[in-house]
Amino acid sequence: MMSRRSFARLAVVVYVALIYGFIFLPVLVLIVFSFQDGKLPVPPFRGFTLKWYDALFANRRLMDSLANSVVVALGSGAVSTVLGFLAAFGLARHRPAGAPMIRWLLVLPLFVSYLVIGMGLLLMLRELGISKSLLTVGMGHLVINLPLAFAVIYGQMGDHQVYAERAARDLGAGEATVLRRITVPMLWPALFAAFALTFTFSWDEFIIAFLLSVFDVTLPVELWSLLRRGLNPQANAAGSLVFTVTIAVLILALLAYRLHRRKDAGGTGR
Amino acid sequence: MPGRDSRGWGYVLPALAWTLAFFVLPFLLMACYSLWRFDAGKVQHVWTYENYEAFIARPHFLQALVNSLEVTALTVVLSVLLAYPLAWILAFRVPRHLQKIALVLAVLPFWTSYLVRSYSWLLVLSDRGIVNSALLAAGIVETPLELAHNRGATVLGFTHFFTMLLTLTIFASLVQINPHYHAAAADLGASRLRIFLRITLPLSLPGVVVGAFLTFVVAVGDFVTPQILGGGTELLMPQAIMLQISRYVNLPMASAMSLVLMAVVSLVFFACARWLRVRSQASP
């Protein structure tokens, strides 16, 4: 007989193994069969090849859509971070009348399905006679990214910054100087987190991009037409590539954040 | 603390204007569309309730909503049941220096493109996918099981995604519990089960509810997962809405259905918010 304690420990190990297996199974299958030397990304594994990645890089439409995605994600990420920061600063520091209501309104899009947001914008474009383009996709992504950036930055606006800002004002700094020399440098990690987060959300967003684009499309929309053709190793290769890029962006973001924190800690002697 | 002043408006204005122009206005427009007539392939600017009447009267519309609610409810329950033990183990059984890396690993596939994630499950579940290949090779089945393209596959795809999300929110609420509570209860002779049921579980419930609500909002509005993994015979709400847009170009009907979906989400939101408020008032 096993003792109760070692049985409990075994149960924990088995559970963790099973659930990590469940979480990683599809990703592993995706990556392994992107190297499949055959027409179908299913067992048996017929040998290792990179030809599907070659096909991917030779796929002009896919590469164009990748470039489009980067542009849209950079644009909507940057604009939403700037607008989100300004709104957070205005609400936290100047507390205009009706601030709680504005705060609610700004985060409201987080609670609405992307499909509904995309459809509303589709109707609006139709009424105004604006044709679909990458710009309209970016506008749609700004709608979903702005509340995200605002929430992240607003949550990091602590009181210690208020004191630093007030000290700077007492010493004669104008509003612009306070923003540039005190607020932004102190909030840099939050601003960076907001940008990285909004970038990845835009990079991965499908349904709004699908509804609001027509000729120039983003990567997920192009992937969609690739995936619709059924199981094929090129789709595996594309999926593996997207995964790698996203992870790389996140690791870079994390490293930059760490580096900054260390510098910060060193600077104040902590 | 800085006082109230009107300078704040200048900073808030761009974000506020954007939200009003491209979120609130389109929403109001959608409400108008849902009350306009669709006739002979065209939108007529005539006010009518007939889109909502059609939604209630025609069984396949209502059925899509029921399907969506069933799939989402099942997803939420399964994800919580899978994520809670994992979050608990990560919070209390994994050594502190391994905690961060274990948590990052547990949510790593969260960052794959969600289109690709659904497609990946197809590689696992399809007729010639790895599960069926293994079962056939082992001689357990003669013909491949139909694992993909049905409701089960949709629920599995959703559960995979939201288990990761819920692990994060539940973990966050578990590590916030003051460890002294556990120690005090143990000193007073409470068994480990009793400590879990009377302290850990109730104090972590808000994290569960927040995660479950997020799961609900995202899952109930998702078009991709059911479209890739689901069956051809049953439609979920987002699929039914997309069908109205792309096949019938019936924007008034699609608007009415979107508003019904939003109304359902709002109801669930108010139920969750009320529960959280009642709880926070009840506790000292």
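Throughout, a chain's letter reflects where its sequence line sits, starting with A, and its residues are numbered from 1.
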Can you see which heavy atom on B:A87 is nearest to which on B:F171, and at what distance? CB-N, 3.7 Å
Hey, would you say the B:F161 and B:Y114 ring centroids sit under 6.0 Å apart? no
Can you find a pair of side-chain heavy atoms, one from A:L106 and one from A:P147, that are under 4.5 Å apart? no
At a heavy-atom separation under 4.5 Å, does B:L13 approach chain A through its side chain, its backbone, both, or neither? neither
When only pairs under 4.5 Å are counted, which of A:Y15, A:F33, A:F210 shares the most heavy-atom pairs with chain B? A:Y15
Which pair of non-hydrogen atoms, one from A:L142 and one from A:S76, has the smallest distance, and what is that distance? CD1-O, 3.9 Å
Between A:I23, A:I19, A:V27, which shows the greatest number of heavy-atom pairs under 4.5 Å with chain B? A:I23
Side chain, backbone, both or neither: which part of A:Y20 has a non-hydrogen atom closer than 4.5 Å to chain B? side chain
Contacting region of B:L115 [heavy-atom separation from chain A under 4.5 Å]: both
Does any backbone or side-chain atom of B:A134 lie under 4.5 Å from a heavy atom of chain A? Answer side chain, backbone, both or neither. neither
Does any backbone or side-chain atom of A:I117 lie under 4.5 Å from a heavy atom of chain B? Answer side chain, backbone, both or neither. side chain
Given a strict heavy-atom distance threshold of 4.5 Å, which part of A:L146 is in contact with chain B: side chain, backbone, both, or neither? side chain
Top residue by heavy-atom pair count (under 4.5 Å) with chain A, among B:S258, B:S133, B:A106? B:A106
When the 4.5 angstrom heavy-atom criterion is applied to B:L105 and chain A, the contacting part is both
So B:I241 and A:V116, do their side chains get closer than 4.5 Å, heavy atoms only? no
Taking every non-hydrogen pair under 4.5 Å, which of B:G129, B:G221, B:S113 racks up the most with chain A? B:S113
Counting heavy-atom pairs closer than 4.5 Å to chain B, which one of A:V112, A:I144, A:V242, A:L28 comes out on top? A:V112
Show which side-chain atoms of residues 223-231 of chain A pair as donor or acceptor with protein atoms under 3.5 Å away, not counting sequence neighbours.
residue: A:S225; atom: OG; partner: A:E222; partner atom: O; Å: 2.8

Measuring only between side-chain heavy atoms, which start at C-beta, is A:N236 closer than 4.5 Å to A:Q36? no
Of the backbone (N, CA, C, O) and the side chain (C-beta and beyond), which part of B:V265 lies under 4.5 Å from a heavy atom of chain A, both, or neither? side chain
Option in A:G239, A:P109, A:A87 with maximal non-hydrogen atom pairs under 4.5 Å from chain B: A:P109
Less than 4.5 Å apart, any side-chain heavy atom of A:T81 and any of A:T198? yes
Would you mind checking which part of A:R9 comes under 4.5 Å of any heavy atom in chain B, side chain (CB onward), backbone (N, CA, C, O), both or neither? neither
Which class fits the ring pair B:W121 and A:F22: parallel under 30°, tilted 30 to 60°, perpendicular over 60°? tilted
Chain A: which of B:M257, B:Q227, B:R117 shares the most heavy-atom pairs with it under 4.5 Å? B:Q227
Go through the atoms of B:V107 and report whether side chain, backbone, both or neither lie under 4.5 Å from a heavy atom of chain A. neither
Under a 4.5 Å heavy-atom cutoff, which of B:L108, B:L261, B:I228 has the most pairs with chain A? B:L108
Part of B:L90 within contact of chain A (heavy atom distance under 4.5 Å): side chain
The interface call for A:V143 against chain B, heavy-atom contacts under 4.5 Å, is both
Kindly assign one of parallel, tilted or perpendicular to the pair A:W203 and A:F199, based on the angle between their ring planes and the thresholds 30° and 60°. parallel
Could you go step by step and tell me if A:S240 and A:I31 meet the side-chain contact (heavy atoms from CB on, under 4.5 Å) rule? CA-CA 6 Å; A:S240 308; A:I31 294 173; 3.7 Å; yes
Just so I know, are the side chains of A:I102 and B:L16 near enough to count as touching, which here means a heavy-atom distance under 4.5 Å? yes
Just give me the residue among A:L30, A:L83, A:L219 that pairs up with chain B most often, heavy atom to heavy atom, under 4.5 Å. A:L30
Taking side chain as everything from C-beta outward and backbone as N, CA, C, O, which of these in A:F85 sits under 4.5 Å from a heavy atom of chain B? Side chain, backbone, both or neither. neither
List the atom of B:A212, the atom of B:L166, and the distance in Å for their closest heavy-atom pair. N-CD2, 3.5 Å
Tell me, for A:A149 versus chain B, whether the close heavy atoms (under 4.5 Å) come from the side chain, the backbone, both or neither. neither
Are side-chain heavy atoms of B:H160 and A:P26 found at a separation under 4.5 Å? yes
With a 4.5 angstrom heavy-atom cut-off, could you sort out which part of A:L128 is near chain B: side chain, backbone, both or neither? neither
Output the option from A:L115, A:L91, A:T246, A:L211 having the highest count of non-hydrogen pairs under 4.5 Å with chain B. A:L115
If I measure from the heavy atoms of chain A, does B:F22 come under 4.5 Å with its side chain, its backbone, both, or neither? both
Sequence neighbours excluded - ring-ring contact (aromatic ring centres under 6.0 Å, His included) pairs with any residue from residues 97-126 of chain A: A:F111-B:F269
For A:E165, which atoms come within 4.5 Å of any heavy atom of chain B: side chain, backbone, both, or neither? neither
Heavy-atom distance under 4.5 Å to chain B: side chain of A:L125, backbone, both or neither? neither
With a 4.5 Å limit on heavy-atom distance, are the side chains of B:I130 and B:L123 in contact? no
So which of B:P109, B:P238, B:P14 has the biggest tally of heavy-atom pairs under 4.5 Å with chain A? B:P109
Given that the side chain runs from C-beta out, which part of B:A21 has a heavy atom under 4.5 Å from chain A: side chain, backbone, both or neither? backbone
What closest approach, in Å, do B:Y119 and A:P41 show between heavy atoms, and which atom pair accounts for it? OH-CG, 3.9 Å
Donor-acceptor check, side chain of A:E205 to backbone of A:I208, threshold 3.5 angstrom: yes or no? yes
Segment of B:S126 engaging chain A (4.5 angstrom heavy-atom cut-off): side chain
For the residue pair B:G230 and B:T154, what are the closest heavy atoms and their distance? CA-OG1, 3.1 Å
Quick check for you: among B:T19, B:L122, B:L82, B:V124, which has the greatest number of heavy-atom pairs under 4.5 Å with chain A? B:L82
Region of B:A254 in contact with chain A, defined by heavy-atom distances below 4.5 Å: both
Under 4.5 Å from any heavy atom of chain B, what part of A:L122 do you find: side chain, backbone, both or neither? side chain
